[in-house]
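Okay, structure first, notes after.
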Protein chains: 2
Amino acid sequence: MTTDQLPTFDPRCPMSTFPVQIGGRWTAMIIQCLDRRPCRFGELRRHLSPVSAKVLSETLQSMEADGYLVRTETAEGVSYALTDLGGSLIPLIRAARTWASEHLDD
Amino acid sequence: MTTDQLPTFDPRCPMSTFPVQIGGRWTAMIIQCLDRRPCRFGELRRHLSPVSAKVLSETLQSMEADGYLVRTETAEGVSYALTDLGGSLIPLIRAARTWASEHLDD
DNA sequence: CGGAATCCCCATGGATACTG
DNA sequence: CAGTATCCATGGGGATTCCG
């Protein structure tokens, strides 16, 4: 019992900002979708329905700004794909899925 | 390529509600604190500073309502402790911590 | 198709003061 | 010590409309 110290809040502690970073309503689900393959905007919109176009657009933009995905404009249209950083969240999201399916049976 | 199906949004899909459940600004950090031992209100308040008393109180109440912790009133005062459900989140939170410390070096 | 613009609501979170 | 009571600012999220 040399130390009974609790972790003190520290703005630079990564965990303290984590909820803010990927706490968005759709962030985790978008990463899940893109895990399989790059997706088009409308494609994401359909599969994440009932998300609105505005919210999806904003979310995608902030995720791109944070380096979680890249937006690519091709001849056939616009496509979104995970970056390495975005992909590195997959195990965590999967763990969250597992936890949720085991404990949140509503 | 029998199925190229993306996961479709489903309100009953556990993952779709996960951000809402533990997406609170302080939820994860409270669980972290209580992992070591039960804590008093003022204790949590100090270590999570700058959280306000109101926000901490509200968060603790909703977490109790969701079954993540229990509030116990003893002779010496009030104490908060993790339930089994709350404790089951520890590995996930630790994984998030690890991920954050490796990728969010701001 | 892939958004941008606009308007709006309200839940989250915070500041301050007060209480048993 | 452990909160409650007010009040308030912010913005995340949504509905609708418009555009190249």
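Values below: all heavy atoms of this structure, side chains included; hydrogens, waters and symmetry mates excluded.
- In this structure, the CD atom of E64(A) is 15 Å from the P atom of dG2(C), given to the nearest Å.
- Between M63(A) atom CE and dG12(D) atom C1' the separation is 16 Å, expressed in whole Å.
- Summarising the geometry, the separation between CG on L44(A) and P on dG2(C) is reported as 10 Å, rounded to the nearest angstrom.
- To the nearest 0.5 Å, the span separating CZ on R45(A) from CG on L60(A) amounts to 11.5 Å.
- Following rounding to the nearest Å, Q61(A) (CD) and dG12(D) (C1') show an atom-to-atom distance of 15 Å.
- Under 4.0 angstrom from either OP1 or OP2 of dT4(D) there lies at least one side-chain N or O belonging to S57(B).
- Distance, E58(B) CD to dT12(C) P: 9 Å, rounded to whole Å.
- Note: CZ (R25(B)) to P (dG14(C)) measures 7 Å, nearest angstrom.
- Atoms CD and NZ, on E58(B) and K54(B) in that order, are 4.5 Å from each other to the nearest 0.5 Å.
- Set against dC1(D), dG3(C), dG3(D), the side chain of R71(A) has dG3(C) as its closest nucleotide.
- Nucleotide dA2(D) holds its P atom 11 Å from the CG atom of L56(B), rounded to whole Å.
- Closest to the side chain of W26(A), from the set dG3(D), dG14(D), dG3(C), is dG14(D).
- Between S52(A) and dG13(D), a side-chain N or O to OP1/OP2 separation shorter than 4.0 Å is absent.
- In the hydrophobic cluster analysis, where Ile, Leu, Val, Met, Phe, Trp and Tyr join through side-chain heavy atoms closer than 4.5 angstrom, L85(B) is grouped together with I90(B).
- Here the CD1 atom belonging to I30(B) is positioned 9.5 Å from the OH atom belonging to Y80(B), to the nearest 0.5 angstrom.
- Contacts of E76(B) with the nucleic acid, taken as non-hydrogen atoms under 4.0 Å apart, are absent.
- Mapping V78(A) and K54(A) onto DNA chain C by nearest heavy atom places V78(A) closer to the 5' end of the strand.
- Rounding to the nearest 0.5 angstrom, the gap separating the CG atom in L89(A) from the CH2 atom in W99(B) is 4.0 Å.
- Between the C1' atom of dG13(C) and the CZ atom of R45(B) lies a distance of 13 Å, rounded to the nearest Å.
- Here the side chain of V55(B) is nearest to one of dG13(C), dT4(D), dG3(C), namely dG13(C).
- At the heavy-atom level, R40(B) lies under 4.0 Å from the strands shown only through sugar-phosphate atoms.
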